There are 2 protein chains.
Amino acid sequence: MSAPGVRARVRAEMTEEIKIVARRHLATDGANLSLRAVARDLGMASSAVYRYFASRDELLTALIIDAYNSVGEQAEQAARDKTDELAAFLGMAHAVREWALNDPHQWALIYGSPVPGYQAPQDTIGPATRVILLIASLVESAYTNGRLTERPPITGRYAEELAVIAERYTTGATPRLVAAALSAFLHLSGALSGELFGQLTASVEEDRRGFFEFQMRGAAYLIGMTDAP
Amino acid sequence: MSAPGVRARVRAEMTEEIKIVARRHLATDGANLSLRAVARDLGMASSAVYRYFASRDELLTALIIDAYNSVGEQAEQAARDKTDELAAFLGMAHAVREWALNDPHQWALIYGSPVPGYQAPQDTIGPATRVILLIASLVESAYTNGRLTERPPITGRYAEELAVIAERYTTGATPRLVAAALSAFLHLSGALSGELFGQLTASVEEDRRGFFEFQMRGAAYLIGMTDAP
DNA sequence: GAAAAGCAAGAGCACTGCTCTCGTTGTGAC
DNA sequence: GTCACAACGAGAGCAGTGCTCTTGCTTTTC
């Protein structure tokens, strides 16, 4: 009799197994995940799944959190051990793109339109900020290392809001830097959503990686990370 | 006994009425549109709706085309009669934002994750390009009027693809200009999706319009429409 | 060992998209 | 004017969905 108890361990395994099968269904059938189909695949009654997830939404939430952490991890790993912030930013961007291309439905789950009637619970906002915090840290690092071209400061009410964010989440970034990081992140997510959701259809078809690189270099220039637009 | 016939006219009216009710349902219940609920609201049997739309997907397609045209129209109207291209671009961006804020579900319908199992038919790609072609025309206009700061040319395979697009859809734009227009469009859609889909939660909450303006000015700078980043 | 809590299964409810059939009604050819 | 035909609305029905409730069984806890 181990400390956590047999039942608790089995429960954890079962929970994980449900998520795995659910992810598989998500990858093939898209976002309209069927709890009954997942239960069928597991050889159990659909009602039994409700012992592990109170509702379909709760299962989706678990998958969303996992997805945020997955892409966050991949991004952080790609940014590590790079010579400078520009290389880290571009490597990170390509890593996120690879992750998204590898499982478009998971991308849609976290960065696409919210599932109807689904309200993101508090648990998700932590993992959700990993990528954007990573970008912010790169911007801040470039700034403190003197590798960031000066950009005019920002003013207005949104600048004050961003000052609060800078105070809370960074170790000395200005509102301008937070704004730059947010902008870069939204440029990244826009570029990827455009590619994955078919907005690029009939324009760039072959060399989408090259076009993505071009866009991310543009975003880096806008931030001040590079001097060549 | 008008030329189109009574039946044809009633059919057209009925088709429009179904779309109106469906749009209302979309605005309140989100993307999981229920054909039966729409039929109930119209006081008719659900099977009768199938006389007008062969499937739920076909109804969604009709709504998507209408939405593309609606936002396209609003964008074009906002860009008209502006003193210069920068003003037109910013006015257009804010118009698109207003349109999206006014009916987020329609925005999600066209720029969010594709509906599961839904494959956009050929009919949609025409209306879908209205906004981006508008941006391209603004860029081209600024270029021919000498109001566009020079940006380094682009190379690579995606540049060749964009050259084909430039040849087909513009009257003399370079691949670089098409790339700029695409980038600006994706920046716009990324900024709006981020705002609407909750990516900005707990950062910019109050002055989102100001932050959006900041981002669009950034995009304009990246294009070369303005010299102040 | 008894009581309590966790668990799986099945039936059932209300809902969905979609198909088929069956009368009815407007339409064009003669 | 008549008559065949296509369009139409309604209803029943099928297979699927999320979710709840009850009924037995097993594991944990006291």
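The model shown is predicted, which means the values in this text are computed figures rather than measured ones.
- Regarding B/Tyr52, its OH atom lies at a distance of 18 Å from the C1' atom of C/dC18, rounded to whole Å.
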Would A/His94 and A/Met216 count as a side-chain contact (heavy atoms from CB on, under 4.5 Å) here? Give the steps.
CA-CA 9 Å; A/His94 279 295; A/Met216 289 304 102; over 6 Å; no

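- Looking at heavy-atom distances under 4.0 Å, B/Leu33 makes contact with sugar-phosphate atoms alone, never a base.
- Across the protein-nucleic acid pair, B/Ile18 atom CD1 and C/dG17 atom P stand 13 Å apart, rounded to whole Å.
- Between the CG atom of A/Asp29 and the P atom of D/dG16 there is a distance of 13 Å, given to the nearest Å.
- Within the model, atoms CZ of A/Phe197 and OH of A/Tyr111 stand 11.5 Å from one another, a figure rounded to the nearest 0.5 Å.
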Base contacts versus sugar-phosphate-only contacts with protein, heavy atoms under 4.0 Å: please encode nucleotides 20-30 of chain D as B, S and - from 5' to 3'.
BB----BBS--

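- With a 4.5 Å cut-off on side-chain heavy atoms, B/Leu162 and B/Leu182 count as touching.
- If you take CD of B/Glu58 and P of C/dG17, they are 15 Å apart, rounded to a whole angstrom.
- Residue A/Asn32 contributes atom CG, which lies 20 Å from atom P of D/dA15 at whole-angstrom precision.
- Atom pair B/Arg40:CZ and C/dA14:P shows a separation of 13 Å (rounding to whole Å applied).
- Between B/Leu200 and B/Ser203, the closest side-chain pair of non-hydrogen atoms falls below 4.5 Å.
- The phosphate of D/dA10 has neither OP1 nor OP2 within less than 4.0 Å of any side-chain N or O from B/Arg36.
- Both B/Met44 and A/Ala37 lie near DNA chain D, and the one whose nearest nucleotide falls closer to the 5' end is B/Met44.
- Remark: P of D/dC8 and CZ of B/Phe53 are 12 Å apart, rounded to the nearest angstrom.
- For C/dC7, one of the phosphate oxygens OP1 or OP2 lies less than 4.0 angstrom from a side-chain nitrogen or oxygen of A/Arg11.
- Going from atom CZ of A/Arg56 over to atom C1' of D/dT17 covers 9 Å, rounded to whole Å.
- B/Ser113 and A/Trp107 share no side-chain donor-acceptor pair at under 3.5 Å.
- Rounding to the nearest 0.5 Å places CG of B/Leu188 at 5.0 Å from CZ of B/Phe212.
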Donor-acceptor pairs are to be reported for all side-chain atoms of residues 72-81 of chain B against protein atoms at under 3.5 Å, with residues two or more places apart or in another chain.
unit_1, atom_1, unit_2, atom_2, d
B/Glu76, OE1, B/Arg130, NH2, 2.9
B/Glu76, OE2, B/Arg130, NE, 3.1
B/Glu76, OE2, B/Arg130, NH2, 3.4

